[in-house]
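Here's the structure we're looking at; comments come further down.
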Amino acid sequence: KGCRSTSEVAVSWRPSAEFAGNLYRGEGIVPASPRDVWECIKPVAGGLRTKWDQNVKDFEVIEAINDTVSVCRTTTPSACMRIISPREFVDVVVMKQYEDGTMLSAATNVEHPLCPPQPNFVRGFNYPCGCFCIPVPGEPDRTQLLTFFQTDLGGYLPQTVVDSFFPSSISGFYSNLTKAVKRLKA
């Protein structure tokens, strides 16, 4: 187990039950409405995520199963001074809105015949993960954002590189999201 906090997010982790890596949990309050936060993070083609999330280079829908379930491909740029080369992830993604206003995006890796591994990318695997945008009672311009990541980056990375990358990457996600929602509201 481990924990790291900034003014925007508390990141904790423990060994994953799904694979030989960690399950990371991020929790923070974003100074924007759940609708605005959702607009920035929702996993849709042409969405805002590729504009502000340093770890998302491209996002495409491979197959829309229905209005809330799709198979998607996400690519990432190189990271950690190019120690981590570009990755691609193929996931089945579900989006849901609950009666209390909470919005959820959850995903896990899947193979799809229309999306074989691409050259110049290492295929990574997301194990069950997701983002919850939770309304803060009585505070319509604040959102509790709860995130879970358990990602096998694939390739031949030393575990120390992976272990140092994820907590700082999640902190950067919250920091950049906070800036993105401010721009959205401006």
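The model shown is predicted, which means the values in this text are computed figures rather than measured ones.
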* Asked: Checking side chain to side chain donor-acceptor pair (under 3.5 Å) for the pair Ser85/Arg87: CA distance, chi angles, key distance, verdict?
  -> CA-CA 6 Å; Ser85 57; Arg87 290 333 201 225; 2.8 Å; yes

I need the minimum non-hydrogen distance between [X] and [Y], along with the two atoms involved.
{"X": "Cys40", "Y": "Leu177", "result": "CB-CD1, 3.5 Å"}
{"X": "Cys133", "Y": "Leu145", "result": "SG-CD1, 3.9 Å"}
{"X": "Leu184", "Y": "Asp36", "result": "CD2-O, 3.6 Å"}
{"X": "Glu88", "Y": "Pro116", "result": "OE2-O, 4.2 Å"}
{"X": "Phe165", "Y": "Leu153", "result": "CD2-CD1, 4.4 Å"}
{"X": "Ser16", "Y": "Glu18", "result": "OG-N, 2.8 Å"}

Can you confirm whether [X] is buried at [atom1], in the sense that more than 12 heavy atoms of other residues, nucleotides or ligands lie under 6.0 Å from that atom?
{"X": "Gln54", "atom1": "CD", "result": "no"}
{"X": "Asp67", "atom1": "CG", "result": "no"}
{"X": "Asn120", "atom1": "CG", "result": "no"}
{"X": "Gln159", "atom1": "CD", "result": "yes"}

Any side-chain heavy atom of [X] within less than 4.5 Å of one from [Y]?
{"X": "Thr143", "Y": "Val136", "result": "no"}
{"X": "Cys131", "Y": "Leu146", "result": "no"}
{"X": "Thr108", "Y": "Asp91", "result": "no"}
{"X": "Glu39", "Y": "Arg35", "result": "no"}
{"X": "Pro86", "Y": "Pro77", "result": "no"}
{"X": "Val92", "Y": "Val94", "result": "no"}
{"X": "Arg123", "Y": "Val90", "result": "yes"}

* Determine whether the side chains of Asn176 and Thr178 contain a donor N or O and an acceptor N or O closer than 3.5 Å. => no

Distance (rounded to the nearest 0.5 Å) between [X] [atom1] and [Y] [atom2]:
{"X": "Thr151", "Y": "Phe19", "atom1": "OG1", "atom2": "CZ", "answer": "6.5 Å"}
{"X": "Phe148", "Y": "Trp13", "atom1": "CZ", "atom2": "CH2", "answer": "15.0 Å"}
{"X": "Glu27", "Y": "Arg25", "atom1": "CD", "atom2": "CZ", "answer": "4.5 Å"}
{"X": "Lys96", "Y": "Leu104", "atom1": "NZ", "atom2": "CG", "answer": "8.5 Å"}
{"X": "Met95", "Y": "Ser105", "atom1": "CE", "atom2": "OG", "answer": "7.0 Å"}
{"X": "Met103", "Y": "Tyr98", "atom1": "CE", "atom2": "OH", "answer": "12.0 Å"}

* Asked: Taking a hydrophobic cluster as the set of Ile, Leu, Val, Met, Phe, Trp and Tyr residues connected by side-chain heavy atoms closer than 4.5 Å, whether directly or through intermediates, do Phe89 and Leu114 fall within one such cluster?
  -> no

* Criterion side chain to side chain contact (heavy atoms under 4.5 Å, CB included) on Val30 and Arg142, from CA distance to verdict -> CA-CA 6 Å; Val30 180; Arg142 289 169 53 88; over 6 Å; no

* **Check: Tyr24 ring centre within less than 6.0 Å of Phe149 ring centre** => no

* Asked: Between Phe173 and Trp52, is the ring centre distance below 6.0 Å?
  -> yes

Would a distance-only check, ignoring hydrogens and angles, find a side-chain to backbone donor-acceptor pair under 3.5 Å from [X] to [Y]?
{"X": "Ser164", "Y": "Thr160", "value": "yes"}
{"X": "Gln150", "Y": "Pro128", "value": "yes"}
{"X": "Asn109", "Y": "Asn126", "value": "yes"}
{"X": "Thr50", "Y": "Asp58", "value": "no"}

* **Working for side chain to side chain contact (heavy atoms under 4.5 Å, CB included), residues Thr102 and Gln97** => CA-CA 6 Å; Thr102 296; Gln97 181 165 355; over 6 Å; no

* Quick one: does NZ or CZ of Arg73 land under 6.0 Å from the six-membered ring centre of Phe121, within 45 degrees of the ring axis? -> yes

* Asked: Between Thr76 and Val56, does a side chain to side chain contact (heavy atoms under 4.5 Å, CB included) hold up when you go through it step by step?
  -> CA-CA 5 Å; Thr76 66; Val56 177; 5.7 Å; no

* How far apart are the C-alpha atoms of Asn22 and Phe166, what are their side-chain angles, what is the distance that settles it, and do they pass the side chain to side chain contact (heavy atoms under 4.5 Å, CB included) test? -> CA-CA 9 Å; Asn22 288 319; Phe166 273 105; over 6 Å; no

* Of the options Pro113, Cys115, Ser70, which is the one that meets Ile62 in a side chain to side chain contact (heavy atoms under 4.5 Å, CB included)? -> Cys115

